[in-house]
Amino acid sequence: MTDQKELKDARTPARNLALLLAGIIVLVLAADQFVKIWVKTHFYLGEQVEVTPWFYVKFIQNNGMAFGMELTSKLILTFGRIIAVGIFIWALGQVLTCRQLRTGFLISFALIIAGAAGNVFDCVFYGEIFNNPPPPEVATLFPEGGGYAGWFEGKVVDMLYFPFFNFTWPEWVPGVGGETHEFFEYIFNIADASISVGVLMLIIFYSADLGMAWRYLTEKIEKRKKSEKA
């Protein structure tokens with residue numbers, strides 16, 4: 001009876017952590033998809049609305065990776081993202097029982113998973129459930145004529161735009177002298193922000209935990225392999 005009680009008590013923190021992390025992932029995913037669907041069905045492609053002089057909602061679509069890069073086919077990119085999210089979720093579940101890892105590290109990991117999953121959702125479903133009419137028409141959810149692409153070929157919706165200020169490079173700067181530059185020119189979404197916050201947290205606060213988690217995970221895998229051989 002005592003051993004069973006101790007085992008139950010030992011599992012409680014991991015269970016509570018799992019609920020916390022699952023809650024964070026669900027909230028980020030819900031907020032991300034709500035904003036994306038609202039923008040997609042209320043803005044035409046390229047439309048922007050000024051919220052403040054340094055914050056706009058501007059609807060664009062991203063067909064590739066970060067900053068609009070396209071390094072490979074859409075299907076390969078989507079399946080690669082799905083595999084990566086699956087690996088991250090599995091790894092997070094494995095390290096939950098490591099008592100040395102701080103809660104903030106696990107939260108940062110959950111934010112990365114939530115952000116990656118949010119953009120995966122766009123890639124998997126948006127091509128089928130939305131059309132892509134030319135401006136100034138706005139997209140329709142579940143259009144009668146079908147979506148603009150097949151499963152796993154959807155485009156990621158971006159809308160958060162923060163053009164904080166513009167400046168002109170001095171003439172003597174090689175290559176860009178005299179050109180006007182905008183800071184910050186990138187347009188992103190809540191999922192991207194979640195990934196960025198999670199990564200920054202890992203780098204700034206939890207780099208030691210990352211190494212500890214890697215060692216714990218590899219040792220756990222080795223022990224499992226040895227037990228299977230025995």
Side-chain angles (χ1 to χ4, degrees), residues 13-14 16-40 48 51-69 77-78 80-96 98 100-124 126 154-165 182-214 216-217:
N16 291 343
L17 270 177
L19 291 173
L20 171 64
L21 300 176
I24 290 171
I25 292 172
V26 169
L27 284 174
V28 171
L29 278 172
D32 178 63
Q33 289 304 311
F34 175 83
V35 173
K36 285 175 176 175
I37 292 172
W38 182 80
V39 168
K40 182 80 174 166
Q48 68 178 25
V51 181
T52 72
W54 47 267
F55 172 40
Y56 289 73
V57 175
K58 183 175 182 178
F59 172 34
I60 66 167
Q61 296 186 123
N62 178 8
N63 195 40
M65 299 177 70
F67 310 123
M69 295 185 293
L77 178 62
T78 300
R81 282 172 167 167
I82 293 172
I83 292 170
V85 170
I87 292 173
F88 288 159
I89 293 173
W90 172 82
L92 182 60
Q94 294 298 308
V95 301
L96 271 178
C98 181
Q100 288 74 32
L101 294 175
R102 289 174 287 180
T103 302
F105 167 79
L106 299 172
I107 290 175
S108 63
F109 215 95
L111 288 172
I112 294 171
I113 291 172
N119 286 333
V120 164
F121 193 95
D122 297 26
C123 296
V124 174
Y126 277 23
K155 296 182 180 182
V156 176
V157 173
D158 295 323
M159 78 296 294
L160 304 177
Y161 178 35
F162 293 87
F164 290 113
F165 59 87
E182 183 178 82
F183 183 90
F184 177 79
E185 64 181 354
Y186 300 108
I187 302 171
F188 56 99
N189 56 44
I190 291 175
D192 297 329
S194 182
I195 294 172
S196 298
V197 170
V199 170
L200 285 174
M201 287 174 64
L202 285 179
I203 294 173
I204 298 173
F205 302 110
Y206 302 110
S207 57
D209 295 74
L210 185 60
M212 188 186 305
W214 176 256
Y216 180 83
L217 185 59

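Start at 1 with the first residue, then count along the sequence.
- Between the CE atom in Met212 and the OG atom in Ser207 there is a gap of 10.5 Å [rounded to 0.5 Å].
- Ser194 places no side-chain N or O within 3.5 Å of a backbone atom of Ile190 that could act as its donor or acceptor partner.
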task: Apply the test side chain to side chain contact (heavy atoms under 4.5 Å, CB included) to residues Leu111 and Met201: give CA-CA distance (whole Å), side-chain angles for both, the deciding distance (0.1 Å), then the verdict.
output: CA-CA 10 Å; Leu111 288 172; Met201 287 174 64; 3.9 Å; yes
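- Side-chain atoms of Asp192 come within 3.5 Å of backbone N or O of Asn189 as a donor-acceptor pair.
- Between Phe88 and Phe109, the ring planes lie perpendicular to each other; the angle is over 60°, past the 30° to 60° tilted range.
- Summarising the geometry, atom CG belonging to Asn62 is positioned 9.5 Å from atom NZ belonging to Lys155; distances are rounded to the nearest 0.5 Å.
- Using a distance-only test at 3.5 Å, with no hydrogens or angles considered, no donor-acceptor pair links the side chain of Arg81 to the main chain of Cys123.
- Residues Tyr126 and Val157 form a side-chain contact, since some pair of their non-hydrogen atoms from C-beta on lies under 4.5 Å apart.
- Looking at Leu96 and Leu101, their side chains never come closer than 4.5 Å, going by heavy atoms from C-beta outward.
- The aromatic rings of Phe162 and Phe55 sit parallel to each other, their planes meeting at less than 30°, with 60° as the upper class boundary.
- Looking at every heavy atom in both residues, Ala91 comes nearest to Leu217 through CB-CD2, 4.2 Å.
- Side-chain atoms of Met159 and Lys40, non-hydrogen and from C-beta on, never get closer than 4.5 Å to each other.
- You'll find the side chain of Tyr56 reaches within 4.5 Å of the side chain of Pro163, heavy atoms only.
- Between atom CG of residue Leu27 and atom CD1 of residue Ile24 there is a gap of 8.0 Å, rounded to the nearest 0.5 Å.
- In this structure, the side chains of Trp90 and Val85 stay at 4.5 Å or more apart for every pair of heavy atoms.
- When every heavy atom of Ala114 is checked against every heavy atom of Leu29, the shortest pair comes out as O-CD2, 3.6 Å.
- In this structure, the separation between OG on Ser108 and CD1 on Ile195 is 13.0 Å, given to the nearest 0.5 Å.
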**Message:** Show, in sequence, the C-alpha distance, side-chain angles and deciding distance for Tyr186 and Phe184, and conclude whether the ring pair (Phe, Tyr, Trp, His ring centres under 6.0 Å) test is met.
**Reply:** CA-CA 6 Å; Tyr186 300 108; Phe184 177 79; 5.2 Å; yes
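- The shortest heavy-atom contact between Val156 and Asn119 is CG1-OD1, 3.3 Å.
- Remark: side-chain polar atoms of Asp209 are paired, donor with acceptor, to backbone N or O of Arg102 under 3.5 angstrom.
- In this structure, CG on Leu210 lies 6.0 Å from CG on Leu202, to the nearest 0.5 angstrom.
- Contact of the Gln48 side chain with the Tyr161 side chain is registered, since non-hydrogen atoms from C-beta on lie closer than 4.5 Å.
- Separating the CG atom in Leu92 from the CD1 atom in Ile113 is a distance of 4.5 Å, to the nearest 0.5 Å.
- The shortest distance between side-chain heavy atoms of Ile82 and Val124 falls below 4.5 Å.
- Nearest heavy atom pair, residue Ala110 against residue Ile25, reads O-CG1, 3.6 Å.
- With a 4.5 Å cut-off on side-chain heavy atoms, Thr103 and Leu20 count as touching.
- Taking 4.0 Å as the cut-off between side-chain N and carboxylate O, Lys36 and Asp122 count as a salt-bridged pair.
- Side-chain atoms of Glu182 never come within 3.5 Å of backbone atoms of Phe165 as a donor-acceptor pair (strictly under, hydrogens ignored).
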